[in-house]
There are 2 protein chains.
Amino acid sequence: MDLIAIYECLCDVTRLRILNMLLRGPLCVCHFQAVLREPQVKISKHLAYLRARGFVAATRRGNWMVYALPPHRPRELAANLACLQDCAAEHPVFRRDRLRLDRLAPVLPKAGPCACARTASRRAQT
Amino acid sequence: MDLIAIYECLCDVTRLRILNMLLRGPLCVCHFQAVLREPQVKISKHLAYLRARGFVAATRRGNWMVYALPPHRPRELAANLACLQDCAAEHPVFRRDRLRLDRLAPVLPKAGPCACARTASRRAQT
DNA sequence: TTTCTATATTCCTCAAGCGGAATATTGTAA
DNA sequence: TTACAATATTCCGCTTGAGGAATATAGAAA
C-alpha cells in the first residue's frame, strides 16, 4: 500500500512547498533556500526524506545539487501531484512561492552554476 | 494550511479504507467492523479521529451510529477524495472492501436497525 | 430498575517524525 | 595542500499518533 507513503510525504508543509516548486521544473538547493526561507538543515532533511522514498531525484552538478521530480512517476504519485497542483493554485503560500521562484530563476540553466550563484556574483559585481 | 490536515488523515490505511467505504454512501459502525475485520476499538478510534476533524459526520439512530461524508466538502477535501477514489479502484484491498460491502448491504435502510443487525437476526432465525 | 447491545473513551506503551545545533562531507578554487 | 562553499548527516529533546486492554456510556428491551 504505497499510497500511504505518498500521503505521509504530503503531510508536511515544507515538503508540499518543495514539491510545488518542483512541479515547475528542476531546481537546485539554493532555490529552495531562497524561496522557502527556512534553515538549511530543515530543507536538506526534507529533500533527503523525499529522495529516500523516491519522490524526487537528485543530481550533482559541481558544488550544487539539482533536484527534480522523478521522470517516471507511478500513477498514484502522478494523480496526487496533479491534485496538489490544483489545490496549490489557490493557496497564498504556494502562490507566493511560485512568484518568488519566477522572479529568481526563469529557468534552470543546463550547465554551470545555478541561478542563485549567478545572481549572487552579479550582485557582487554591481 | 488545512491541506496538511487532509493528508494527515489520509496517512492511515484504516482511515483510507473507511473513507473508501463511505464514498459509496452512509454506513453504520457494524458495517466497518464486518468489512474491515479490525478490532472494535481501532475502528472506533479512527472514526473519532475523522469526526473530530470534520472529515465525517455522525448521527445516532437508536443504538447505532451512522457515519457519512460531510454534506458540504471544501474544495480540497473533495479533490482528494476524488483522487483517492481513483487510486482505490486499482488497489486489491479497497476493491475487496467494496465487494464485501456490496454483498453485505446493498443500501443503508432509511430507518430501523442497520443491515448488520438484520442479517444477524436473520441468521439467528434460520 | 436491571440487563443487554452498540459504541466510545481512558490509560498505557511504543515508534516515528520534526526542528535545531553542531559537525561532517564533497567538490572547487587558490 | 589548504581554504572555502554548498550541502548532508548526526545527535538530541519533544510531540504526536498508533494499537490494545479495560472500562464507560447511551439507548433499547425485559
Side-chain angles (χ1 to χ4, degrees), chain A residues 1 4-18 26-34 36-53 55-67 108 111-121 123-124, chain B residues 1 4-18 26-34 36-53 55-67 108 111-121 123-124:
Chain A
M1 180 94 38
I4 299 296
I6 293 178
Y7 287 130
E8 279 170 353
C9 146
L10 300 175
C11 268
D12 183 275
V13 196
T14 307
R15 286 197 293 266
L16 284 188
R17 294 173 73 190
I18 288 175
L27 294 172
C28 90
V29 179
C30 17
H31 288 115
F32 299 118
Q33 291 179 173
L36 304 182
R37 300 182 187 176
E38 298 276 1
Q40 183 257 331
V41 60
K42 188 169 174 179
I43 292 177
S44 188
K45 284 209 287 190
H46 282 297
L47 285 171
Y49 178 111
L50 292 168
R51 189 181 180 184
R53 286 159 182 80
F55 296 126
V56 304
T59 323
R60 181 172 280 280
R61 182 187 292 182
N63 256 338
W64 292 270
M65 291 293 291
V66 175
Y67 282 84
L108 187 73
C114 78
C116 308
R118 281 183 294 127
T119 48
S121 55
R123 259 200 304 277
Chain B
M1 181 95 36
I4 300 297
I6 294 179
Y7 288 129
E8 278 171 353
C9 144
L10 300 176
C11 269
D12 183 275
V13 195
T14 307
R15 288 198 291 268
L16 282 188
R17 294 174 71 191
I18 288 175
L27 294 172
C28 90
V29 178
C30 16
H31 287 115
F32 299 117
Q33 292 179 171
L36 303 182
R37 299 180 189 176
E38 296 276 3
Q40 184 256 332
V41 62
K42 188 169 173 179
I43 292 176
S44 189
K45 284 208 287 189
H46 282 298
L47 286 170
Y49 178 111
L50 292 169
R51 190 181 179 184
R53 286 158 182 80
F55 296 127
V56 305
T59 324
R60 182 171 279 282
R61 183 188 290 183
N63 256 339
W64 293 268
M65 292 293 289
V66 176
Y67 283 86
L108 187 73
C114 77
C116 309
R118 283 183 293 126
T119 48
S121 55
R123 259 199 305 276

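Heavy-atom basis, side chains included; hydrogens, waters and symmetry copies ignored.
Among the nucleotides C:dA8, D:dA26, C:dG27, the one closest to the side chain of B:Ser44 is C:dA8. Candidate nucleotides D:dA18, D:dT10, D:dT7 were compared by shortest atom distance to the side chain of B:Asp12, and D:dA18 ranks first. When the nucleotides D:dA21, D:dG27, C:dG20 are ranked by their closest atom to the side chain of A:Pro39, C:dG20 comes out on top. Comparing C:dT7, C:dC18, D:dG20 by their closest approach to the side chain of B:Lys42 singles out D:dG20. In this structure, of D:dT7, D:dA18, C:dT7, it is D:dA18 that holds the atom nearest to the side chain of B:Arg15.
Straight-line distance from the CZ atom of A:Arg51 to the P atom of D:dA8: 7 Å, rounded to whole Å. Between A:Trp64 atom CH2 and C:dG27 atom C1' there is a gap of 10 Å when expressed in whole angstrom units. Whole-Å rounding puts the A:Leu16 CG to C:dC18 P distance at 12 Å. Note: OH (B:Tyr7) to C1' (C:dC18) measures 19 Å, nearest angstrom. A:Leu27 places its CG atom 16 Å from the C1' atom of D:dT7, with the value rounded to the nearest Å. Rounded to whole Å, atom C1' of D:dA8 lies 13 Å from atom CG of A:Asn63. Across the protein-nucleic acid pair, B:Leu10 atom CG and D:dG17 atom P stand 14 Å apart, rounded to whole Å. Rounded to an integer number of Å, the gap from B:His31 NE2 to C:dT7 P is 10 Å.
Contacts of B:Tyr67 with the nucleic acid, taken as non-hydrogen atoms under 4.0 Å apart, involve only primed sugar atoms and P, OP1 or OP2.
Residue B:His46 places at least one side-chain N or O under 4.0 Å from the OP1 or OP2 atom of D:dG19. For the OP1/OP2 pair of D:dT9 and a distance below 4.0 Å, the side-chain nitrogens and oxygens of A:Tyr49 include no atom meeting the criterion. Between A:Arg61 and D:dA6 there is no side-chain N or O to OP1 or OP2 distance below 4.0 Å. Contact annotation: B:Arg60 does not reach the phosphate of C:dT7 (side-chain N/O to OP1 or OP2, under 4.0 Å).
Proximity of A:Arg17 to A:Glu38: side-chain heavy atoms (C-beta onward) are separated by under 4.5 Å at one or more points. Side-chain atoms of A:His31 and A:Trp64, non-hydrogen and from C-beta on, never get closer than 4.5 Å to each other. Using a 4.5 Å heavy-atom cutoff, the side chains of B:Tyr7 and A:Leu16 are in contact.
Within the model, atoms CD1 of A:Ile4 and CZ of B:Arg15 stand 8.5 Å from one another, a figure rounded to the nearest 0.5 Å. Between B:Asp12 atom CG and B:Lys45 atom NZ the span is 11.5 Å, to the nearest 0.5 Å.
Residue side chain B:Lys45 does not reach the base of D:dG17 through any donor-acceptor N/O pair under 3.5 Å, judged by distance alone. Between the side chain of B:Gln40 and the base of C:dA8, at least one donor-acceptor pair of N or O atoms lies under 3.5 Å.
The minimum heavy-atom distance linking A:Met65 with A:Ala58 is given by the pair CE-CB, 3.8 Å.
Of the two residues near DNA chain D, B:Glu38 and B:Arg53, the one whose nearest nucleotide lies more 5' is B:Arg53. Closest-nucleotide positions on DNA chain C for B:Leu47 and A:Thr14 were compared, and the one nearer the 5' end corresponds to B:Leu47.
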